Amino acid sequence: MFADASISDTAGVIFAVLAASLLGSLHCAGMCGGLVLFAVGSDGTFKRRARLHVAYHGGRGLAYIALGIFAGLLGATADLAITSGDGIRTSAIVAGLGMITLGLITLAPSIGLRGVRARLPAPIRALIDGIHGWAFRLPPTARAASVGILTPMLPCGWLYAFVIVAAGTGSMIFGGVV
């Protein structure tokens, strides 16, 4: 997407990601508010809470960037492995199909398909529960940072939509930007 794209194409994708991020803020606050309280707590001085927020959001930001870089690398690998004759990148096609699938799974209950839903397998849920127990025993700053770093493990469709977009860039750099 970005290797041959013009500056306006790149800016358009980045603007769309920023706009979607702002629109999704309420979703994120509602879904992860409890997680932030677990990581940061609600007691202590402003300075202590600020330090814990920096640790949590710093860890979360680094983990999201790493996930975007990895997704962009996967997209670039797909582009190298499979190229179409008309110049359409494989990563963009796969990303588009992934977004459609994610949308259909999300909409399925509202159109009467109640049995269709995505769930994490039990072993992965057990792993996440074990990690939460481990994080709870850490000192506050380490707990905040580790919970932030582990945030991408959450089963969040909003997050995975951005990961799909990052893969669709076909670039490690722009995947990390997304």
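A quick note: this is a predicted structure, and the numbers were derived from the prediction, not measured. The analysis underlying the following values was restricted to heavy atoms, covering all of them including side chains, and did not include hydrogens, waters or symmetry mates. Numbers here simply count residues along the sequence, with the first being 1.
When all heavy atoms of Gly170 and Ala76 are compared, the pair lying nearest together is O-CB, 3.3 Å. Taking all atoms of both residues into account, the shortest heavy-atom contact from Pro152 to Gly148 is CD-O, 3.9 Å. Of all heavy-atom pairs between Gly175 and Ala166, the closest is O-CB, 3.6 Å. Between Tyr56 and Val40, the shortest heavy-atom contact is CB-CG2, 4.1 Å. When every heavy atom of Thr169 is checked against every heavy atom of Phe174, the shortest pair comes out as OG1-C, 4.0 Å.
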Check the pair Met31, His27 against side-chain contact (heavy atoms from CB on, under 4.5 Å), reporting the backbone distance first and the verdict last.
CA-CA 6 Å; Met31 296 304 292; His27 162 83; 3.4 Å; yes

Could you please spell out the steps behind the side-chain contact (heavy atoms from CB on, under 4.5 Å) verdict for Thr151 and Tyr64?
CA-CA 8 Å; Thr151 299; Tyr64 286 166; 3.1 Å; yes

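The same ILVMFWY cluster, assembled from side-chain heavy atoms under 4.5 Å apart, contains both Leu73 and Ile65. By the criterion of side-chain heavy atoms lying less than 4.5 angstrom apart, applied directly or through intervening Ile, Leu, Val, Met, Phe, Trp or Tyr residues, Leu35 is grouped together with Phe136 in one hydrophobic cluster. Connection of Val147 to Val36 is established within a shared hydrophobic cluster, with ILVMFWY side chains joined at heavy-atom distances below 4.5 Å, either directly or through further cluster members. Residue Val177 is grouped with residue Leu18 when hydrophobic side chains (ILVMFWY) are merged at heavy-atom distances under 4.5 angstrom, including chains of intermediate members. Trp158 and Val17 end up in the same hydrophobic cluster when Ile, Leu, Val, Met, Phe, Trp and Tyr side chains are linked at under 4.5 Å.
With rounding to the nearest 0.5 Å, the separation of CG in Leu159 from CG in Leu67 is 6.0 Å. The CG atom of Leu52 lies 7.0 Å from the CZ atom of Arg143; values are rounded to the nearest 0.5 Å. Residue Ile100 holds its CD1 atom at 10.5 Å from CD1 of Ile164, rounded to the nearest 0.5 Å. Remark: Leu127 CG to Ile131 CD1 distance equals 4.0 Å, nearest 0.5 Å. In this structure, CD1 on Ile149 lies 12.5 Å from CZ on Arg60, to the nearest 0.5 angstrom. The line from CZ of Arg125 to CE of Met153 is 13.0 Å long, rounded to the nearest 0.5 Å.
Atom CD1 of Ile173 has 12 or fewer heavy atoms from other residues, nucleotides or ligands within 6.0 Å. Within 6.0 Å of atom CZ in Phe38, more than 12 heavy atoms from other residues, nucleotides or ligands are found, so the atom counts as buried in its surroundings.
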